[in-house]
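Start at 1 with the first residue, then count along the sequence. Bear in mind that the values here come from a model prediction, so they are computed numbers and not experimental data.
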Amino acid sequence: MQRLEGRIVIVTGASSGIGEAVAIAFAEVGAKVVLAARRQDRLDALAQRIAQAGGEALAVATDVTDEAAVERLFATAVEKFGRVDVLINNAGIADSTACEDLALERWQQVLDTNLTSAFLCSRAAFRLMKPQGRGRIINVGSISARVPRPESPAYTASKFGLDGLTRSLAVDGRDHGIAVSIYHPGIVNTELGPNMGKAPAERTSDPRDTAEIILHMASVPDHMNFYEALMVQLAVPFLGRG
């Protein structure tokens, strides 16, 4: 993990769950972390926790679905640290609403949060990383981008779209030293869904498990891309999913 020491890492959705665990994991190996989410109080508490452990973090309250807010996030990161080396597009929401009951407003909210935010942040990152000749973007997808859950059209479409965005940016970034990849977690015990905490332990994972995988993906040499990873619990029927 020595390659990550001193790297500047932006983590979206950093106020809880996977994002919080990822931010802590990067800080523990010496990266400087920019924390982005809507809840300033949670970001401040996390930044303080990282600082108390000897790390360095900058809390920037950000609505990643808002174009101007994303631009401010990256400008603030550059003003503080001079560059951005790694972007973790983790912000997201879950939704399980049948198509016939799904309001257009909710559809748009899920797509904006899970997909458009990744586009906006990746666009800002590309504008910085191309002149640097180096950078890494890791998108947090879902096994629903491989086999959908029943009655979850908005969430499924957003994660399939994120997978497509990853493929496109991986092609566009490679001639500029920018590695773009995607990690598909299985069921992670977070605040993302209302029933996550009620699932049996053998069907879930801790956010730290995901953080360690993302950390490993980010730690490969700059000329390499750990393009895709997928984690699934043995008890979850992913193959022939039920």
Side-chain angles (χ1 to χ4, degrees), residues 1-15 17-37 46-47 50 53-58 60 64 73-74 77-78 80-92 117-118 121-130 132-142 145 162-163 165-174 176-186 188 190 205-231:
M1 300 298 174
Q2 291 180 342
R3 294 188 185 93
L4 296 175
E5 187 173 356
R7 293 286 172 95
I8 313 304
V9 183
I10 292 180
V11 182
T12 71
S15 61
I18 290 173
E20 179 182 11
V22 166
I24 292 170
F26 272 101
E28 287 176 345
V29 298
K32 299 176 182 180
V33 187
V34 181
L35 311 170
L46 178 57
I50 289 172
E56 186 171 358
L58 174 66
V60 184
V64 290
L73 166 65
F74 280 78
V78 171
K80 174 68 174 178
F81 296 118
R83 66 184 192 279
V84 173
D85 300 306
V86 180
L87 165 65
I88 309 298
N89 279 318
N90 167 71
S117 69
C121 290
S122 296
R123 185 181 67 178
F126 259 61
R127 289 170 175 171
L128 294 175
M129 292 174 178
K130 275 191 174 184
Q132 293 173 183
R134 177 175 57 81
R136 190 174 300 277
I137 298 172
I138 300 176
N139 297 320
V140 178
S142 170
L162 184 61
D163 188 69
L165 177 65
T166 303
R167 293 168 184 263
S168 178
L169 295 182
V171 171
D172 295 342
R174 62 189 179 192
H176 304 278
I178 304 171
V180 185
S181 55
I182 190 163
Y183 167 63
H184 299 296
V188 184
T190 70
S205 64
D206 188 89
R208 181 73 192 200
D209 300 325
T210 281
E212 289 175 356
I213 293 173
I214 291 175
L215 196 67
H216 181 66
M217 293 175 71
S219 69
V220 299
D222 289 340
H223 70 284
M224 296 173 61
N225 187 8
F226 193 145
Y227 171 70
E228 185 176 38
L230 187 150
M231 177 179 70

Trainee: Kindly write out the residues that satisfy side chain to side chain donor-acceptor pair (under 3.5 Å) with Glu28, not counting sequence neighbours, or none if the list is empty.
Mentor: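 Per chain and number, Glu28 pairs via side chain to side chain donor-acceptor pair (under 3.5 Å) with Arg208.
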Trainee: List the residues meeting side chain to side chain donor-acceptor pair (under 3.5 Å) with Ser122, not counting sequence neighbours, and say none if there are none.
Mentor: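 Per chain and number, Ser122 pairs via side chain to side chain donor-acceptor pair (under 3.5 Å) with Asn89.
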Trainee: State the CG-CD distance between Asn90 and Glu20, to the nearest 0.5 angstrom.
Mentor: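 The CG atom of Asn90 sits 11.0 Å away from the CD atom of Glu20.
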Trainee: What is the distance from atom CD1 of Ile178 to atom CG of Leu169, rounded to the nearest 0.5 Å?
Mentor: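 Here the rounded value is 9.0 Å.
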Trainee: Which pair of heavy atoms, one from Met217 and one from Val220, lies closest together, and at what distance?
Mentor: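 Taking Met217 first and Val220 second, the nearest heavy atoms are O-CG2, 3.5 Å.
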Trainee: If you measure from SG on Cys121 to CZ on Phe126, what distance do you get to the nearest 0.5 Å?
Mentor: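 Answer rounded to 0.5 Å: 13.0 Å.
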Trainee: For Leu35 and Ala47, which heavy atoms make the closest approach, and how far apart are they?
Mentor: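 Leu35 and Ala47 have their closest heavy atoms at CD1-N, 3.7 Å.
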Trainee: Are the side chain of Ser181 and the backbone of Asn225 linked by a donor-acceptor contact shorter than 3.5 Å?
Mentor: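 Not at all, since once roles are kept as given, no pair shorter than 3.5 Å links the two residues.
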Trainee: As an exercise, state the distance from CZ of Arg134 to CE of Met129, rounded to the nearest 0.5 Å.
Mentor: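 One finds 8.5 Å between CZ of Arg134 and CE of Met129.
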Trainee: Write down the atom of Val84, the atom of Phe74, and the distance for their closest heavy-atom approach.
Mentor: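 The pair with the smallest heavy-atom distance is CG2-CD2, 4.2 Å.
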Trainee: Locate the shortest heavy-atom distance separating Leu162 from Gly141; write the atom from each residue and the value.
Mentor: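 Nearest heavy atoms, Leu162 then Gly141: CD2-CA, 4.0 Å.
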Trainee: Is there a side-chain contact between Ile88 and Ile214, using heavy atoms and a 4.5 Å cut-off?
Mentor: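 Yes, close enough: below the 4.5 Å cut-off.
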Trainee: Just to verify, what does Phe226 make a ring pair (Phe, Tyr, Trp, His ring centres under 6.0 Å) with, not counting sequence neighbours?
Mentor: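 Scan of Phe226 (ring pair (Phe, Tyr, Trp, His ring centres under 6.0 Å), adjacent residues dropped) gives His216.
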Trainee: Is the shortest heavy-atom distance from the side chain of Arg83 to the side chain of Leu128 under 4.5 Å?
Mentor: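 Result no, sub-4.5 Å side-chain heavy-atom pair not found.
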Trainee: With sequence neighbours left out, what residues match Ser15 under side chain to side chain contact (heavy atoms under 4.5 Å, CB included)?
Mentor: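 Checked Ser15 against side chain to side chain contact (heavy atoms under 4.5 Å, CB included); matches are Ala37, Arg39, Arg42, Leu43.
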Trainee: Which residues pass the side chain to side chain donor-acceptor pair (under 3.5 Å) test with Ser117, not counting sequence neighbours?
Mentor: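 None.
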Trainee: Restricting to side chain to side chain donor-acceptor pair (under 3.5 Å), what partner residues turn up for Asp172, sequence neighbours left out?
Mentor: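 Partners of Asp172 under the side chain to side chain donor-acceptor pair (under 3.5 Å) test: none.
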Trainee: Please name all residues satisfying salt bridge (charged side-chain N to carboxylate O under 4.0 Å, His left out) with Asp206, sequence neighbours left out, ordered by chain then number.
Mentor: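 If we apply the salt bridge (charged side-chain N to carboxylate O under 4.0 Å, His left out) test to Asp206, skipping adjacent residues, there are no hits.
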Trainee: Quick check for you: to the nearest 0.5 Å, what is the distance between Lys130 atom NZ and Gln132 atom CD?
Mentor: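 Here the interatomic distance stands at 13.0 Å.
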Trainee: Only counting residues at least two apart or in another chain, list the ones meeting salt bridge (charged side-chain N to carboxylate O under 4.0 Å, His left out) with Arg167.
Mentor: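 For Arg167, the residues satisfying salt bridge (charged side-chain N to carboxylate O under 4.0 Å, His left out) (neighbours in sequence not counted) are Asp163.
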Trainee: Heavy atoms only: give me the nearest Val11-Gly19 pair and the separation to one decimal.
Mentor: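 Here Val11 and Gly19 meet closest at CG1-O, 3.6 Å.
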Trainee: Between Asp85 and Arg3, does any side-chain N to carboxylate O distance fall below 4.0 Å?
Mentor: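 No, Asp85 and Arg3 are not salt-bridged.
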Trainee: Mind checking side chain to side chain contact (heavy atoms under 4.5 Å, CB included) for Arg127 and listing every partner two or more places apart, or none if nothing turns up?
Mentor: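 Partners of Arg127 under the side chain to side chain contact (heavy atoms under 4.5 Å, CB included) test: Glu71, Arg123.
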Trainee: Give the intermediate values and the outcome of side chain to side chain contact (heavy atoms under 4.5 Å, CB included) for residues Thr166 and Ile137.
Mentor: CA-CA 9 Å; Thr166 303; Ile137 298 172; over 6 Å; no
Trainee: Mind listing the closest non-hydrogen atom pair of Ile213 and Ala229 along with its distance?
Mentor: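 Closest pair (atom of Ile213, atom of Ala229, distance): CG2-CB, 4.3 Å.
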Trainee: Please examine the side chains of Lys80 and Val34, heavy atoms only from C-beta on, and report whether any two atoms are closer than 4.5 Å.
Mentor: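 No, every pair of side-chain atoms sits at 4.5 Å or beyond.
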Trainee: Are the side chains of Leu230 and Glu228 in touch, meaning some heavy atoms are under 4.5 Å apart?
Mentor: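 No, side chains not in contact.
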Trainee: Restricting to side chain to side chain contact (heavy atoms under 4.5 Å, CB included), what partner residues turn up for Ala218, sequence neighbours left out?
Mentor: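 Counting only residues at least two positions away or on another chain, Ala218 forms a side chain to side chain contact (heavy atoms under 4.5 Å, CB included) with Leu4, Phe26, Arg136, Ile138.
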Trainee: What I'd like to find out is whether the side chain of Ile10 reaches to under 4.5 Å of the side chain of Phe81, using heavy atoms alone.
Mentor: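 No; the side chains remain at least 4.5 Å from each other.
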Trainee: Mind checking what makes side chain to side chain contact (heavy atoms under 4.5 Å, CB included) contact with Arg174, not counting sequence neighbours?
Mentor: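 Val171.
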